[in-house]
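Input: a single structure, listed below in structure tokens.
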Amino acid sequence: MPPKSKAKAKAKVGANKKLTRPGSKIHALDASGAVFKAFYVWSVDAPIVKKKPEELYGKCLVLNGSNEDTFKLKQVEPEEVDDVFESAASRCYNANSNIDPMAFPDIGMLPHTNDACVLDYMRARLVMGNIFVTAEPLLVVQNPFKNVGNATDDWIRKYRDVPDVSTLGPHVFSIARTALENLHSVNKSQTIIVSGESGAGKTEATKQAMRFFAAAKSGAMDLRVQKAILAANPVLEAFGNAKTIRNNNSSRFGRYMQLLVAANGGIQNGSVQGFLLEKSRILCQEDNERSYHIFYQILKGVNEDQKKKFKCKTLQQYKYINPKCLDSPGINDLEEWKDVCESFDSMMMTAEERDSVLSICSGVLLMGNVDIVGVVKQGLDEAAEIEPGSRQAFEDACELMFIDPKAVEEGITVKISIAGGNEIRSVWKRDEGDMLKASLVKGMYDATFQYIIRKLNSNIEPEGGWPAYMGMLDIFGFEVFKNNSLEQLFINVTNEMLQKNFTDTVFERESKLYKDEGIPITDLIFTSNAEVIEALSGRRGSLFATLEDQCLAPGGTDEKFLSAVYSTLKGSTKVYAAKVGGNQIFAVAHTIGEIKYVVEGFLFKNKDVLRAELVEVVQGSTNVVSKELFAGVVVEKGKSAKGQLIGSQFMNQLSRLMELINATEAHFIRCVKPNEEKLPLTFTPDKVLIQLQSLSILEALQLRNLGYSYRRPFGDFLYQYKFVNLGITEDKSLEPMDAAKKLLQSSKIPESDWKIGKTMTFMKPAAMKAMQHKQREALASWQPLISLIEALYKRMSLRKEYLKLRAGVVRAQALTRRRLAGRVPAPPPDVAVGF
């Protein structure tokens, strides 16, 4: 079991250790011991908290009769009551009084930044329609669940054209502009990581950033690539989104976009990569959840001829469809089907390609109606065989997926192993055959999704490869349901890795960099999640390694898997048995707190072995789409399944995603869902506080006063700010370090705001803003000369054009004068005249 204090601190919001961060100690008494006049605090014992626990705190006035240990209080917000009550001083927190929340764009600028003050501040801004705040280096976006009018083209132009974007309030556009300037000033790839839980507004934030990148400096907008991506969005959402308990249109995959953005704006090329598709959803869904939208759209939207062509049944007739949830509130399957059809056209898919994709989807669904039974064969009692009553469904499903039914049947019933170079044929057990059938449909669906993405990319990718690019990651956040299964574990491990990226970027790398560069600074305080990542996904002795071993072991079960986890991770404070139902439920001490998982179904969902025999069957298809699904995949018959299961596939994809992100300079947008009911401009404190913890927003507040947010090698620094003082930056006799120091000293910026390291220049935000201001002033002083040079160049260009035309102009003038003098008779009215 984990230490109780830490588990409780994470699980119980009111007892979270972050409530006592430095600076939260209350000083309510003056030197004489009397209470300061009109002194306000936030109390967890306020009447409103007893009435509505989700409020967490009530704002109270400290009354006479209070002492250092106990306060007498009267609640004043969020609703006034007359009752006076007492509260221990340790359960009260400083309040920010008489401040305008709109005047503080950054949470770290507040006089007090305890949790109660942060929540009050965010609520006040949300209610006034201001959904953006910063907690450097994070941008925090609250989903208003309504259009608040701050993402129009006029807003884009405002953030694009202002000389100093820091003079405007925080916005997705300000993050986009900063990333774009870094991309071109340092020539290093950037990634904007947009994270948050389902329904927090990640996709909308991503779209806003893309719209900013598309805005060309001339005032027009180059929307070609964005339009291509957005036009394909209905298809990507149809194949990758589904109704979950918390979100009716939840992305069940991660989307990483690479964009080639011009320095002055305009997306020139792009590419979309899909990661971590939740394939187990194809086979089964929870009671109040659906499978992927595309299945419902096809079955509700196709015409009668298409129904016959795709052998469609009713939704209730498919075993892969949850009959308890056939519709999704707010999702009109018929209307979205029309959008999907238009999206196929915009992606320039041919009618054959489109129909092939839809046919494969129909085949995937129909294969769920095929039952694998056990028969006596080759001395095995439970040998896999297709149930006779299912044979027609099997034949139809294979036909729809354009694969040979005889070869498929052999692939899921005949076991092929290689020994001494010889092929040995035996039989699969019933449960193994069922698993192979499930692996085939999951693999076909996933590969079809990737085929669609490749089709999109073929229209927008650059021809010569990728130089420095802009990356956009839109990915699901932590998920915590009443019953969490393998899908939630995968999602939460992904977020642990993203959390580690953030920690590495903002804390560990900061501290190491300062030490390596000889910069004196207070050590940054951070909480590493490396231990939980290792316990869950380490190569040996981890939960995932144990899961794979149990999936491949004869007679493996969920119960045996859980027992092996407890044995392997004995004494772990990160993975342990739940207090209740520990033989079926285990707990993980995640970054956001303890999450419990129900082990039932783990092995079934993880068994996804698309063996070489079945891959070869699909590769042998003559259909234009099916034959491309596994094109280039090298297969080897008889190969062990180790490393091929869902967990291994997931970790391989996650590793590739993290390699992409770690090779770029990261920017962070944290999306917050302010209430569960999706009510406009409505704020639920306990809902938000959990997200402030899980998204590292509270930890980021420490960085405000400790770190130097700007750091660049001397050469880059001198190049970026060379116009501040050309006499220094262009002096070749100076070493780069000396030039950087001399440039800063000449700028009269306080030395407390900058430091010179061994290889880099470090500046706090104030120094960076001052240097940018001086750079703009210096460039402005060159404006008269630049205007003169522009005029001279324009004069020279026009003169060249004139000289080219002069002979013709002189000739035209001469002919005109002759006619005016009467020497040339005028032509008849119906005769055209030309010179």
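Between Val194 and Ala205, the shortest heavy-atom contact is CG1-CB, 4.0 Å. Here the closest heavy-atom approach between residue Met401 and residue Ile360 is recorded as CG-O, 3.9 Å. Minimum interatomic distance between Leu440 and Val618 (heavy atoms only, all atoms of both residues): CD1-CG2, 4.2 Å. Of all heavy-atom pairs between Gly196 and Lys202, the closest is O-NZ, 3.2 Å.
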message: Assess the residue pair Leu498 and Leu473 against the criterion (side chain to side chain contact (heavy atoms under 4.5 Å, CB included)); give the C-alpha distance rounded to whole Å, side-chain angles, the decisive distance to 0.1 Å, and a yes or no.
response: CA-CA 11 Å; Leu498 291 172; Leu473 176 65; 3.9 Å; yes
Verdict with supporting geometry, Ile403 and Leu614, side chain to side chain contact (heavy atoms under 4.5 Å, CB included): CA-CA 10 Å; Ile403 50 181; Leu614 291 173; over 6 Å; no
message: Run Trp428 and Ile412 through side chain to side chain contact (heavy atoms under 4.5 Å, CB included) and show every step you take.
response: CA-CA 7 Å; Trp428 290 110; Ile412 61 179; 5.9 Å; no
message: Quick one, Asn249 with His293, criterion side chain to side chain contact (heavy atoms under 4.5 Å, CB included). Give me CA distance, side-chain angles, the key distance, then yes/no.
response: CA-CA 9 Å; Asn249 189 32; His293 294 325; 2.9 Å; yes
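There is no side-chain donor-acceptor pair under 3.5 Å between Asn495 and Gln499. A donor-acceptor contact under 3.5 angstrom links the side chains of Glu237 and Asn233, judged on distance only.
In this structure, Gln653 contributes its side chain and Phe275 its backbone to no donor-acceptor pair below 3.5 Å. Formation of a donor-acceptor pair under 3.5 Å by the Gln306 side chain with backbone atoms of Asn303 is found in this model. Using a distance-only test at 3.5 Å, with no hydrogens or angles considered, a donor-acceptor pair links the side chain of Asn492 to the main chain of Gln488. Within the 3.5 Å criterion, the main-chain N or O of Ser328 finds no donor-acceptor partner in the side chain of Asn248. Using modelled atom types, no side-chain atom of Ser271 and backbone atom of Gln258 make a donor-acceptor pair closer than 3.5 Å. Side-chain N or O atoms of Gln285 include one that pairs as donor or acceptor with a backbone N or O of Asn322 at under 3.5 Å. With hydrogens and angles disregarded, no donor-acceptor distance shorter than 3.5 Å links the side chain of Ser359 to the backbone of Phe310. Between the side chain of Arg611 and the backbone N or O of Ile416, at least one donor-acceptor pair lies under 3.5 Å. Looking at Asp434, its side chain never comes within 3.5 Å of a backbone N or O of Ile372 through a donor-acceptor pair. No donor-acceptor distance shorter than 3.5 angstrom exists from the side chain of Asn182 to the backbone of Lys188, with no hydrogens or angles considered.
A heavy-atom distance below 4.5 Å is found between the side chains of Leu486 and Leu547. Two residues are said to be in side-chain contact when any heavy atoms from C-beta on lie closer than 4.5 Å; Phe213 and Ile192 meet this criterion. Annotation: side chain of Tyr469 is not in contact with side chain of Pro462 (no heavy-atom distance under 4.5 Å). Using a 4.5 Å heavy-atom threshold, the side chains of Arg255 and Thr206 count as separate. You'll find the side chain of Thr244 reaches within 4.5 Å of the side chain of Arg281, heavy atoms only. In this structure the side chain of Tyr296 reaches within 4.5 angstrom of the side chain of Ser291, judged on heavy atoms. Lys605 has its side chain within reach of Cys284: a pair of non-hydrogen atoms, C-beta onward, lies under 4.5 Å apart. Gln273 places a side-chain heavy atom less than 4.5 Å from the side chain of Leu660.
Taking the centre of each ring, Phe253 and Phe449 come in below the 6.0 Å mark. For an aromatic pair to be called close, the ring centres must be under 6.0 Å apart, and Tyr445 with Tyr320 fails this. In this structure, Phe544 has its ring center closer than 6.0 angstrom to the ring center of Phe490.
Only one option out of Glu496, Lys500, Glu534 pairs with Asn529 in a side chain to side chain donor-acceptor pair (under 3.5 Å); it is Glu496. Between Arg252 and the options Glu289, Glu487, Glu278, a salt bridge (charged side-chain N to carboxylate O under 4.0 Å, His left out) holds for only Glu278.
Within a 6.0 Å sphere centred on NZ of Lys313, other residues, nucleotides and ligands contribute 12 heavy atoms or fewer. Counting heavy-atom neighbours within 6.0 Å of Lys429 NZ, excluding the residue itself, gives a total of 12 or less. The 12-atom threshold is exceeded at CD of Gln619, counting heavy atoms of other residues, nucleotides or ligands nearer than 6.0 Å.
To the nearest 0.5 Å, atom CG of residue Leu358 and atom CH2 of residue Trp337 are 4.5 Å apart. One finds the CG atom of Leu277 at 5.0 Å from the CG atom of Asp446 (value rounded to the nearest 0.5 Å). Here CG of Leu366 is found 6.0 Å from CG of Asp396. Values are rounded to the nearest 0.5 Å. To the nearest 0.5 Å, atom CE of residue Met349 and atom CD1 of residue Ile452 are 6.0 Å apart. Atom OG of residue Ser390 and atom NZ of residue Lys437 lie 8.0 Å apart, to the nearest 0.5 angstrom.
Residues in residues 398-412 take part in these side chain to side chain donor-acceptor pair (under 3.5 Å) pairs, two or more places apart or across chains: Arg391-Glu409, Glu410-Arg425.
In this pair, Phe602 and Phe561 present their aromatic rings parallel. The plane angle is below 30°, not in the 30 to 60° band.
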